Amino acid sequence: MKGFFRWFRSSAKMKRWMLLIIIGIVLACYGMAEILTGKRLDFWPLVRIIVCFVVGFIFVVSGMIHMQKRTLELLVQETDDRIEDDKTKINSLIFNKKVYDQGPKIVAIGGGTGLNAVLKGLKNYTDNLTAIVTVSDYGKIIPESRKALEAMPLDDIKGSLVALSEDENVMEHLMNLKFQNGRLRNLSFGDIYLLGMKELYGDFAQSIEQTRKVLNITGRVLPVTLEPITICAELEDGTVIQSRDKIPSMVNSQTSKISRIFINPTNCRVAPGVLEAIEEADAIVIGPGSLYTNVIPNLLVKGVAKAIRESKAFKIYVSNLMTEPGQTDNYTLSDHIKAINEHAGKGVIEYCIYDTGELVPEYIRKYNMQGQDLVEIDSSKAKSEGVNLMQREISHIEGEYIRHNPDAIAASIIQLICDDLKFKDMQNDTKYVLLNDRLKQAKKSLKENRRNDNMRKTKKKKVKGESKFTKKYKDRIESIQEAEIKMKVKAGIPIEEEDDIPEETTTTLTQKNKKKEKERLLKEQKQKEKMLNKKNSKLKESHLNKEKDKSKEEQLDRKNNKQQSKGKHSGNSSKKEKQKVQVDELEEEQKRSFINAINKIRHEDE
């Protein structure tokens, strides 16, 4: 019964669909009952009954579909041994191990800690994961274990095996374990194990493939070539460097940038299974890692770059967070993409995932002291290389170092695959259900981590009552304050002159003095703001008085104009009256003259 009641928990999300089915059944039964019991059915009552029946039927069908979909999601959760939260599991469901084998096929190409971060994140989504790494020395002194066993340089392979293991800490200690006594002294367990697997299966590639089963590792690791290669560099001034570890020092000494990278031998054959994995992949991830020593050398092996260009998979480049001294000094995002395109040809990268760069300066300064800086994001130039950009928060802090966040990178890659499956109308496919369910959980955990994340710049809250002056020039005021403190420190002027405070050196300041200095400067600034506010208020009052005077003058002018217009009107009326009188007088004179003329004529006739 305990297993039965688990279906009704809030985490199961089944009650809503059960309720929808019940509502649908009620509506359908109501419609059927009305048809059976009704003696006479008019048009509108019949329409109402049909609508109720159809809506009820739709509710029942949709509720059953969503219940089956949710049941499949719960089966996926129960199958997922990687979910640490026991609350999300329902023990009464059937265990189905095959679900992860149906996950997307993803190929990750690179080396070093960057590639390991990608593998750590992606192993939580699929078992069909392939890591392709270089077989090359890091240029340092060859360890005694390798000399004694005559083994190949397998540092990147061992790192990838550790990243894909279930318990990374145990696997890391095991692979790097060195024996201290007896005939095995100074020998590494990882080198002995891989050499033993090679002797057992007779083929190095086959031995690496079988390691997946022996060590219970998610995915597989493939060397890009079975031949040991040497990574060489040619500088812009023509200098050729034939040792991987000497590249940074030679670049700095020659003050010349890297023109191109090449491998020796140039015609080395690709390892079995590499091209097949690229052709069948749903997504190909390049990087992150050292651009010229971990990423590009894999693409220079014969046939690899061509297979990537011809593949229909998503081709994703994960950008580095920081520049690397002696390799990518002052490189921008577009410079990284351009270097890959120049060595492997355009079409190798379709999408680029890069970090927002919103990191607290205290962490960045540690890298600045070593000649490193954040990779500048020049999005317009990067887009001109034919790449779609994806800005994500893919960095986090491990100890004192800025590293790629495995969960954030994996979520960004899986989101692309889910969107593609959704576009193909495959929402009910097992692959989509698995990925979407894990993606939702990953996003929730990432949000919770961001709330507790102190490594990123926080947006400053707006202070109430701030004047326009402080809002406009706040950044400038803060920079001036910092500059004043620095100038006083350099000049050896004490921040506050007190007898009880001991003398301090010119290069160091206590936090108390800094706080007091800031408080003093803020007080002065507030006084300045008050004075400015008073001046502004006075100016406003004078401006209002002027406006009042102007309005009074305008009113007086309007009154005078009205009086003048009235005077003009009266003058015009008097003139008209005078003209009328003159006309009347003329008419009377004309009458008189006419009468006189008639009288004269009569008198003459008589």
Side-chain angles (χ1 to χ4, degrees), residues 11-21 23-24 28 54-80 82-83 88 93-94 96-108 121-130 219 277-285 308-316 347 349-353 386-392 407-444 446:
S11 59
K13 299 179 182 179
M14 298 290 286
K15 290 182 288 186
R16 65 192 72 177
W17 307 121
M18 293 177 183
L19 180 62
L20 186 66
I21 291 171
I23 292 171
V54 171
V55 171
F57 183 75
I58 291 170
F59 279 9
V60 172
V61 173
S62 60
M64 291 177 69
I65 291 170
H66 284 91
M67 274 190 70
Q68 290 179 355
K69 185 178 179 181
R70 183 57 191 159
T71 304
L72 181 60
E73 290 177 357
L74 294 172
L75 285 168
V76 170
Q77 289 180 4
E78 180 62 20
T79 303
D80 193 358
R82 302 155 198 178
I83 298 175
T88 60
L93 297 178
I94 300 170
N96 183 6
K97 185 65 178 174
K98 295 182 180 179
V99 177
Y100 272 95
D101 295 334
Q102 299 174 6
K105 296 178 180 178
I106 301 176
V107 173
L122 290 174
K123 73 179 182 181
N124 296 319
Y125 293 90
T126 179
D127 284 349
N128 295 322
L129 185 59
T130 304
I278 293 171
E279 290 172 2
E280 297 173 359
D282 296 314
I284 300 170
V285 184
I308 295 172
R309 288 195 300 269
E310 294 176 354
S311 175
K312 296 180 180 179
F314 290 106
K315 300 153 193 174
I316 306 163
I349 302 173
E350 290 179 349
Y351 297 88
C352 176
I353 302 173
V387 177
N388 301 308
L389 301 182
M390 297 172 61
Q391 188 184 46
R392 301 288 186 272
D407 296 329
I409 295 173
S412 302
I413 295 167
I414 296 301
Q415 185 66 62
L416 273 176
I417 298 172
C418 282
D419 292 341
D420 183 59
L421 291 172
K422 195 172 182 181
F423 178 76
K424 293 177 181 177
D425 197 17
M426 297 175 65
Q427 292 93 328
N428 296 324
D429 188 78
T430 308
K431 185 190 294 186
Y432 177 83
V433 173
L434 165 70
L435 296 177
N436 194 43
D437 182 68
R438 291 291 295 123
L439 192 60
K440 288 178 182 177
Q441 296 175 12
K443 287 181 178 179
K444 286 181 182 179
L446 286 171

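This structure is a prediction, so every number in the text was calculated from the model and none was measured.
- Smallest separation of non-hydrogen atoms from C418 and N436: SG-N, 4.0 Å.
- In plain terms, the two heavy atoms of S311 and I278 that are nearest each other are OG-O, 3.4 Å.
- Note that CD1 of I21 is 11.0 Å distant from NE2 of H66, once rounded to the nearest 0.5 Å.
- Taken from CD1 in I353 to CG in L389, the straight-line distance is 11.0 Å, to the nearest 0.5 Å.
- With values rounded to the nearest 0.5 angstrom, Q391 atom CD is found 11.0 Å from C352 atom SG.
- Within the 4.5 Å cutoff, side-chain heavy atoms of I106 are placed close to those of I414.
- Here M14 contributes atom CE and R16 contributes atom CZ; the two are 10.5 Å apart, rounded to the nearest 0.5 Å.
- Applying the side chain to side chain donor-acceptor pair (under 3.5 Å) rule to K440 yields no partners; only residues at least two apart in sequence or on another chain are considered.
- Within the 4.5 Å cutoff, the side chain of V285 has no heavy atoms near those of the I409 side chain.
- Side-chain contact check for N128 versus E280: every heavy-atom pair is 4.5 Å or farther apart.
- Residues passing the ring pair (Phe, Tyr, Trp, His ring centres under 6.0 Å) test with F314 are Y351, sequence neighbours excluded.
- A 4.5 Å side-chain heavy-atom check between L416 and D420 finds every atom pair outside the cut-off.
- Between Y125 and L439 the shortest side-chain heavy-atom distance falls below 4.5 Å.
- Summarising the geometry of V107 relative to A277, their closest heavy-atom pair is CG2-O, 3.5 Å, with the distance given to 0.1 Å.
- Nearest heavy atoms, G347 versus K315: O-CD, 3.3 Å.
- D282 contributes a side-chain N or O that, together with a main-chain N or O of K105, makes up a donor-acceptor pair within less than 3.5 Å.
- Smallest separation of non-hydrogen atoms from R392 and S412: CG-OG, 3.3 Å.
- Expressed to the nearest 0.5 Å, how far CD1 of I413 lies from CG of L122 amounts to 4.5 Å.
- P104 and I417 make their closest contact through CB-CD1, 4.1 Å (heavy atoms, listed as atom of the first residue, atom of the second, distance).
- The line from CZ of R438 to CG of D407 is 8.5 Å long, rounded to the nearest 0.5 Å.
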